[in-house]
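Take a look at the structure below.
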Amino acid sequence: MNKLFLLFLITTSLSITSCNRDDSQVESTITYGINPFEESGVSGTAKFIREGNDTIIEIRLMGTTPGLSHPTHIHFNSIQEGGDIAITLEPVNGDTGTSTTRVTQLDDGTTIDYGNVIFFDGHIDIHLSQDDLQKILAKSNIGPNT
């Protein structure tokens, strides 16, 4: 009987503790390495930061071209599979190698929260310029593709 009562107390205590947690206030981050494509020499990181339900994506690159703006996208599927653009990110500033984008939806208007972004079946492409989107500087798989 004492063992049953003790198990009841432990279970009740765990339930009360877990009910008091507010997940919307927990800030989480995931960082992916961005690798050079071919011999571009461009590499860095993509940091996904939870802010409420939104996702802030901070790109930091080395080896970018001063004076250029490098278009950046999250594409559907892995690098190996390839895919259309799902989310257009702010271009990377070639002078600073940085970009920051708040993500709340896909380009088609579909709402996407932090939990869905970090498990998104996709990859990031960094392009040379708006005039030369075919030239990829760097790539990174994200979500389940890592």
Side-chain angles (χ1 to χ4, degrees), residues 7-146:
L7 181 61
F8 171 77
L9 284 177
I10 291 171
T11 305
T12 304
S13 175
L14 290 173
S15 296
I16 291 170
T17 302
S18 64
C19 288
N20 290 331
R21 187 172 152 209
D22 183 0
D23 284 342
S24 68
Q25 300 303 312
V26 176
E27 183 179 341
S28 302
T29 63
I30 293 179
T31 302
Y32 298 101
I34 298 177
N35 301 308
F37 184 68
E38 296 178 344
E39 297 194 21
S40 71
V42 175
S43 64
T45 60
K47 187 175 187 180
F48 290 56
I49 305 163
R50 178 181 183 167
E51 191 172 282
N53 286 329
D54 296 352
T55 307
I56 307 300
I57 300 178
E58 293 179 349
I59 308 284
R60 299 197 183 286
L61 300 175
M62 297 175 292
T64 55
T65 306
L68 286 183
S69 177
H70 302 292
T72 305
H73 307 103
I74 294 177
H75 292 258
F76 291 103
N77 306 316
S78 70
I79 292 171
Q80 296 75 14
E81 297 169 296
D84 292 334
I85 295 171
I87 304 170
T88 301
L89 303 176
E90 290 295 322
V92 172
N93 180 317
D95 296 323
T96 64
T98 62
S99 164
T100 302
T101 307
R102 178 179 296 274
V103 174
T104 59
Q105 62 185 11
L106 301 177
D107 284 3
D108 69 6
T110 303
T111 301
I112 187 166
D113 64 12
Y114 178 78
N116 290 316
V117 171
I118 63 170
F119 291 110
F120 189 77
D121 177 13
H123 68 278
I124 297 172
D125 280 351
I126 312 292
H127 303 269
L128 176 63
S129 68
Q130 189 62 41
D131 294 333
D132 195 356
L133 290 174
Q134 297 305 315
K135 173 102 173 136
I136 306 291
L137 299 177
K139 292 180 170 269
S140 177
N141 277 317
I142 63 169
N145 300 315
T146 58

Evaluation steps, side chain to side chain contact (heavy atoms under 4.5 Å, CB included), between Leu106 and Phe120 = CA-CA 11 Å; Leu106 301 177; Phe120 189 77; 4.1 Å; yes
Please give me the minimum heavy-atom distance between [X] and [Y], naming the atom from each residue.
X      : Y     : value
Thr101 : Thr88 : CG2-O, 4.5 Å
Gly41  : Pro36 : N-CB, 4.1 Å
Ser69  : Pro91 : OG-CB, 3.1 Å
Ser140 : Gly33 : OG-O, 2.8 Å
Gly63  : Val42 : O-CG2, 3.2 Å
Thr31  : Thr45 : CG2-CB, 3.8 Å

Does Asp84 CG have over 12 foreign heavy atoms under 6.0 Å away?
-> no
Over 12 foreign heavy atoms within 6.0 Å of CD, Gln134 =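 It does not: Gln134 CD has 12 such atoms or fewer within range.
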Nearest-0.5 Å distance that lies between atom [atom1] in [X] and atom [atom2] in [Y]:
X      : Y      : atom1 : atom2 : answer
Ile74  : His123 : CD1   : NE2   : 10.0 Å
Thr98  : Glu90  : OG1   : CD    : 11.0 Å
Asp131 : Leu133 : CG    : CG    : 8.0 Å
Ile49  : Ile118 : CD1   : CD1   : 13.0 Å
Ile30  : Thr146 : CD1   : OG1   : 8.5 Å
Asp54  : Gln105 : CG    : CD    : 10.5 Å

Starting from the C-alpha separation in whole Å, work towards a yes-or-no answer on side chain to side chain contact (heavy atoms under 4.5 Å, CB included) for Asn77 and Asp121.
-> CA-CA 5 Å; Asn77 306 316; Asp121 177 13; 3.8 Å; yes
Considering the options Ile59, Leu137, Leu61, which one meets the side chain to side chain contact (heavy atoms under 4.5 Å, CB included) requirement together with His70?
->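 Testing His70 for a side chain to side chain contact (heavy atoms under 4.5 Å, CB included) against Ile59, Leu137, Leu61 leaves exactly one candidate, Leu137.
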Please check if the side chain of His73 supplies one atom and the backbone of Asp125 the other of a donor-acceptor pair under 3.5 Å.
-> no
Does the side chain of [Y] come within less than 4.5 Å of [X]'s, by heavy atoms?
X      : Y      : result
Ile124 : Ile126 : yes
Asn53  : Thr104 : no
Asn145 : Ile79  : no
Asp95  : Pro66  : yes

For the residue pair Phe48 and Tyr32, does the interplanar ring angle fall in the parallel (under 30°), tilted (30 to 60°) or perpendicular (over 60°) class?
->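 Plane angle over 60°, so perpendicular.
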